[in-house]
Amino acid sequence: MPKNKKRNTPHRGGSAGGGGSGAAAATAATAGGQHRNVQPFSDEDASIETMSHCSGYSDPSSFAEDGPEVLDEEGTQEDLEYKLKGLIDLTLDKSAKTRQAALEGIKNALASKMLYEFILERRMTLTDSIERCLKKGKSDEQRAAAALASVLCIQLGPGIESEEILKTLGPILKKIICDGSASIHARQTCATCFGVCCFIATDDITELYSTLECFENIFTKSYLKEKDTTVICSTPNTVLHISSLLAWTLLLTICPINEVKKKLEMHFHKLPSLLSCDDVNMRIAAGESLALLFELARGIESDFFYEDMESLTQMLRALATDGNKHRAKVDKRKQRSVFRDVLRAVEERDFPTETIKFGPERMYIDCWVKKHTYDTFKEVLGSGMQYHLQSNEFLRNVFELGPPVMLDAATLKTMKISRFERHLYNSAAFKARTKARSKCRDKRADVGEFF
């Protein structure tokens, strides 16, 4: 019997005319796509049976942990849509945790599977729920709502539908980003998601310029203010400044040439000051943004000349060979790797090509613009990035991959590795690493005994 049929039957132990029938009626209404008569954020007590019946919807772990494999193998499209309808209803729940879990569950589902038709029919309902959670929710709920907004735009791609979403949610996201009393982590997530939504849906050039200015007003607060200061000390707001800088850099890649020239003149001589920040993530973000700005400038003028090239390359070289003992080894390793590439980009106009494999296809990242765009969307989609590269027409257009490659079910099955096989592979790799480390320790012990 299909899962959705089972859900319409009374609970075990419940009578046909008692509480079980009430739960079944509520479930049938949800399955039919009708909204429950629940006032958003009301203080009325929900019935115990209805809440227990719907509690399974509020757990997004099935989407977060299992991903597309479970959706393909264990559940049908009908089952998935049934669950999503329940999650959409739960975004109106009186419990903040339930609303947050519902938002995260929908986001994880949309990040791991293309559901264009389903979302297209319910975009207004979802937009209303996101708007309500952004306005009335607290930090974690606002972050979940902003993340869902960005994935919603990725699913729909550029067009009237995404423009309507941005028109509704854009002012609210901007207000949260600029609100000093709001949670810094909510502001950080809103900055990233607002940048992604604008990248996809912005059609008004003046709105694009306004968004760029909004981000500039935030990350420029990290610029050096005093001439005698040599190091920028990080603050709790540094994470927001990093996200704003990266979102600004993303939007700069779709600006007209004249606007790019203006921004280069404004920031080219101030941006290197961020390389002296004591936060490694800010240094890396500033370095990668500088490499991208150089790439844009040289794309406009092949003989582009930067006046402070000598001092900039000295700073980049120092970061690429940084050996300061007061910094963590992981941070130094990550920083040196990034700044070696940045230094090559600035000095030699070179970029180390990366290969991204997804399914039977592969994509070559051969410039900083493409790398920054890929990193941004991967931050939003997470493990679902590879699936969207295969199936999402918008992302395939962005990365110039052409139409999606159609594969039959047999080919897909042969390409897919089961969870058990992945477990065996990871176990074998772990044993091999453990064995190699043991041998290495034995050799060190033998040398110690010899001396």
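- No salt bridge links Glu265 with Lys261; every basic N to acidic carboxylate O contact stays at or beyond 4.0 Å.
- Ion pairing between a basic and an acidic side chain is recognised when a charged N comes within 4.0 Å of a carboxylate O; Asp93 and Arg99 show no such pairing.
- One finds no salt bridge joining Glu295 and Arg349 here, because no Lys/Arg side-chain nitrogen approaches an Asp/Glu carboxylate oxygen to under 4.0 Å.
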**Request:** Given side-chain contact (heavy atoms from CB on, under 4.5 Å), test Leu312 with Leu290 step by step and report yes or no.
**Result:** CA-CA 10 Å; Leu312 177 61; Leu290 273 170; 4.1 Å; yes
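- Residues that satisfy the side-chain hydrogen bond (donor to acceptor under 3.5 Å, both in side chains) test with Asp179, not counting sequence neighbours, are Ser181.
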**Message:** Test side-chain contact (heavy atoms from CB on, under 4.5 Å) on Asn397 and Glu400; report intermediate values, then the result.
**Reply:** CA-CA 5 Å; Asn397 287 334; Glu400 301 175 342; over 6 Å; no
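- Looking at heavy atoms from C-beta onward, Leu103 lies in side-chain contact with Cys133 at the 4.5 angstrom threshold.
- Thr253 is not listed as a side-chain neighbour of Val260, based on a closest heavy-atom distance of 4.5 Å or more.
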Only pairs under 3.5 Å count here: list side-chain donor-acceptor contacts from residues 156-174, not counting sequence neighbours, and write none if there are none.
from, atom 1, to, atom 2, distance (Å)
Ser162, OG, Gly157, O, 2.5
Thr168, OG1, Glu164, O, 3.0
Lys174, NZ, Ser210, OG, 3.2

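- Under the 3.5 Å distance criterion, the side-chain polar atoms of Ser302 are left unmatched by any main-chain donor or acceptor of Arg298.
- The two residues Gln335 and Leu319 have their closest heavy-atom pair at NE2-O, 3.1 Å.
- By the 4.5 Å heavy-atom criterion applied to side chains, Lys270 and Thr220 are not counted as neighbours.
- Residues Leu115 and Gln77 come closest through the heavy atom pair CD2-NE2, 3.2 Å.
- Residues His185 and Ser139 have side chains that never bring a donor and an acceptor to within less than 3.5 angstrom of each other.
- His267 and Tyr223 are linked by a side-chain donor-acceptor pair at a separation below 3.5 angstrom, with hydrogens and angles left out of the test.
- The closest side-chain heavy-atom distance from Leu381 to Leu395 is below 4.5 Å.
- Because its NZ or CZ atom is not both nearer than 6.0 Å to the ring centre of Phe339 and within 45° of the ring axis, Arg336 does not count as a cation-pi partner of that residue.
- In this structure, Cys198 and Leu251 approach most closely via the heavy-atom pair CB-CD2, 3.9 Å.
- Once rounded to the nearest 0.5 Å, the distance linking OG1 of Thr376 with OH of Tyr374 reads 11.5 Å.
- Shortest non-hydrogen contact noted between Leu250 and His372 is N-NE2, 3.5 Å.
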**Item:** Pair Glu207-Tyr209, side-chain contact (heavy atoms from CB on, under 4.5 Å): steps then yes or no
**Value:** CA-CA 5 Å; Glu207 184 62 32; Tyr209 294 164; over 6 Å; no
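- No close placement of the His388 and Phe377 rings is indicated, their centers lying 6.0 Å or farther apart.
- We find that Glu216 and Lys263 are joined by a salt bridge, their nearest charged nitrogen and carboxylate oxygen being less than 4.0 Å apart.
- The closest side-chain heavy-atom distance from Arg187 to Asn237 is below 4.5 Å.
- Using modelled atom types and a 3.5 Å distance limit, the side chains of Gln386 and Gln390 yield no donor-acceptor pair.
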**Message:** Is there a salt bridge (Lys or Arg N to Asp or Glu O under 4.0 Å) between Asp375 and Lys371? Walk through the geometry before answering.
**Reply:** CA-CA 6 Å; Asp375 289 344; Lys371 180 183 186 304; 2.9 Å; yes
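- Looking only at side-chain heavy atoms (C-beta outward), Ile88 and Lys85 stay at 4.5 Å or farther from each other.
- Here the side chains of Cys214 and Cys178 are in contact, with some heavy-atom distance below 4.5 Å.
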Side-chain donor-acceptor distances from residues 361-369 under 3.5 Å, at least two apart:
from, atom 1, to, atom 2, distance (Å)
Glu361, OE1, Arg396, NH1, 3.4
Glu361, OE1, Arg396, NH2, 2.8
Glu361, OE2, Arg396, NH1, 3.2

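- No more than 12 heavy-atom neighbours from other residues, nucleotides or ligands sit within 6.0 angstrom of NZ on Lys378.
- The shortest non-hydrogen separation linking Ile154 to Asn392 is O-ND2, 3.0 Å.
- The minimum heavy-atom distance linking Pro404 with Ser391 is given by the pair CG-O, 4.0 Å.
- Taking the six-membered ring where tryptophan is involved, the planes of Phe304 and Phe294 are perpendicular, since the angle between them exceeds 60° and thus also 30°.
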**Asked** Passes side-chain contact (heavy atoms from CB on, under 4.5 Å), Phe358 versus Tyr387? Steps please.
**Response** CA-CA 7 Å; Phe358 49 97; Tyr387 176 84; over 6 Å; no
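- Formation of a donor-acceptor pair under 3.5 Å by the Ser276 side chain with backbone atoms of Ser273 is found in this model.
- No hydrogens or angles considered: a donor-acceptor pair under 3.5 Å links the side chains of Asp204 and Thr206.
- The 12-atom threshold is exceeded at CD of Glu348, counting heavy atoms of other residues, nucleotides or ligands nearer than 6.0 Å.
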